[in-house]
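What follows is a set of notes on a single structure, which appears directly below.
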Amino acid sequence: QVQLVESGGGLVKAGDSLTLSCAANGRTSSEFAMGWFRQAPGKEREFLAALSWSDGLTYVADSVKGRCTISKDDAKNKLYLQMDTLKPNDTAAYYCAASISRYLMTRRDQFNYWGQGTQVIVST
């Protein structure tokens, strides 16, 4: 079992940067592959980025490539998502997820644990 707690969301202006954090409690993070998703009102949950905790491999979706960076801090057992040049259509709830597979995953159904989400609102 692992508990995921996201933080770092808030109200920002278009063009700003923001870094979201995900604290992983419970089982050792190195056992998991991690991911970030977002869900805007009325839309399906969208994959953004994934990271294999054991080897550090990362993958970023084409839709946000160049603006999003996924990273981790082993000492703090935290996962991060840095987003640059934010746009109003980045407004969404952002979720951290963990998969017991250890390999990079991109589909929502491949992740076993989810955080409660953190809201990001990007104003013009």
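Numbering of residues begins at 1 and proceeds along the displayed sequence.
Within the 4.5 Å cutoff, the side chain of Ser7 has no heavy atoms near those of the Thr118 side chain. Trp36 is not listed as a side-chain neighbour of Leu51, based on a closest heavy-atom distance of 4.5 Å or more.
At most 12 heavy atoms of other shown residues, nucleotides or ligands fall within 6.0 angstrom of atom CD in Gln116.
Remark: the backbone N or O of Gln110 is paired with a side-chain donor or acceptor of Ser99 at under 3.5 angstrom. Put simply, the side chain of Asn77 gets close to the backbone of Ala24: a donor and an acceptor are under 3.5 Å apart. Distance alone, capped at 3.5 Å, is enough to place a donor-acceptor pair between the Thr91 side chain and the Val122 backbone.
Scanning both residues, Ala98 and Leu4, for their nearest heavy atoms gives N-CD1, 3.7 Å. Summarising the geometry of Glu6 relative to Gly117, their closest heavy-atom pair is OE1-N, 2.8 Å, with the distance given to 0.1 Å. When every heavy atom of Ala14 is checked against every heavy atom of Thr124, the shortest pair comes out as CB-CA, 4.4 Å. Minimum heavy-atom separation, Lys72 to Trp53: CE-O, 3.4 Å. Listed here is the closest heavy atom pair of Leu48 and Arg38: CD2-NE, 3.7 Å. In this structure, Leu79 and Gly35 approach most closely via the heavy-atom pair CD2-O, 4.2 Å.
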Inset, instruction - For Leu20 and Val120, run side chain to side chain contact (heavy atoms under 4.5 Å, CB included): C-alpha distance rounded to whole Å, both residues' side-chain angles, the deciding distance at 0.1 Å, then the answer. - result: CA-CA 9 Å; Leu20 305 179; Val120 174; 4.0 Å; yes
Legend entry - Verdict with supporting geometry, Leu11 and Gln119, side chain to side chain contact (heavy atoms under 4.5 Å, CB included): CA-CA 8 Å; Leu11 176 63; Gln119 184 70 39; over 6 Å; no
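Cys68 SG to Asp84 CG: the interatomic distance, rounded to the nearest 0.5 Å, is 7.5 Å. Rounding to the nearest 0.5 Å places CZ of Arg67 at 6.5 Å from CG of Leu86. The distance from atom CD1 of Ile70 to atom SG of Cys96, rounded to the nearest 0.5 Å, is 8.0 Å.
Residue Ile121 is not grouped with residue Val12 when hydrophobic side chains (ILVMFWY) are merged at heavy-atom distances under 4.5 angstrom, including chains of intermediate members. Hydrophobic clustering keeps Tyr80 apart from Met83 (ILVMFWY residues linked when any side-chain heavy atoms are closer than 4.5 Å, directly or through intermediates).
Applying the side-chain hydrogen bond (donor to acceptor under 3.5 Å, both in side chains) rule to Thr85 yields no partners; only residues at least two apart in sequence or on another chain are considered.
Here Lys65 pairs with Asp62 in a salt bridge; the nearest charged N to carboxylate O distance falls below 4.0 Å.
Other cluster members for Tyr95: Phe37, Phe47, Leu57, Tyr59, Tyr103, Leu104, Met105, Phe111, Trp114, joined by side-chain heavy-atom distances under 4.5 Å among Ile, Leu, Val, Met, Phe, Trp and Tyr.
Among Glu44, Glu46, Arg45, Arg108, the single residue meeting the side chain to side chain donor-acceptor pair (under 3.5 Å) criterion with Gln39 is Arg45.
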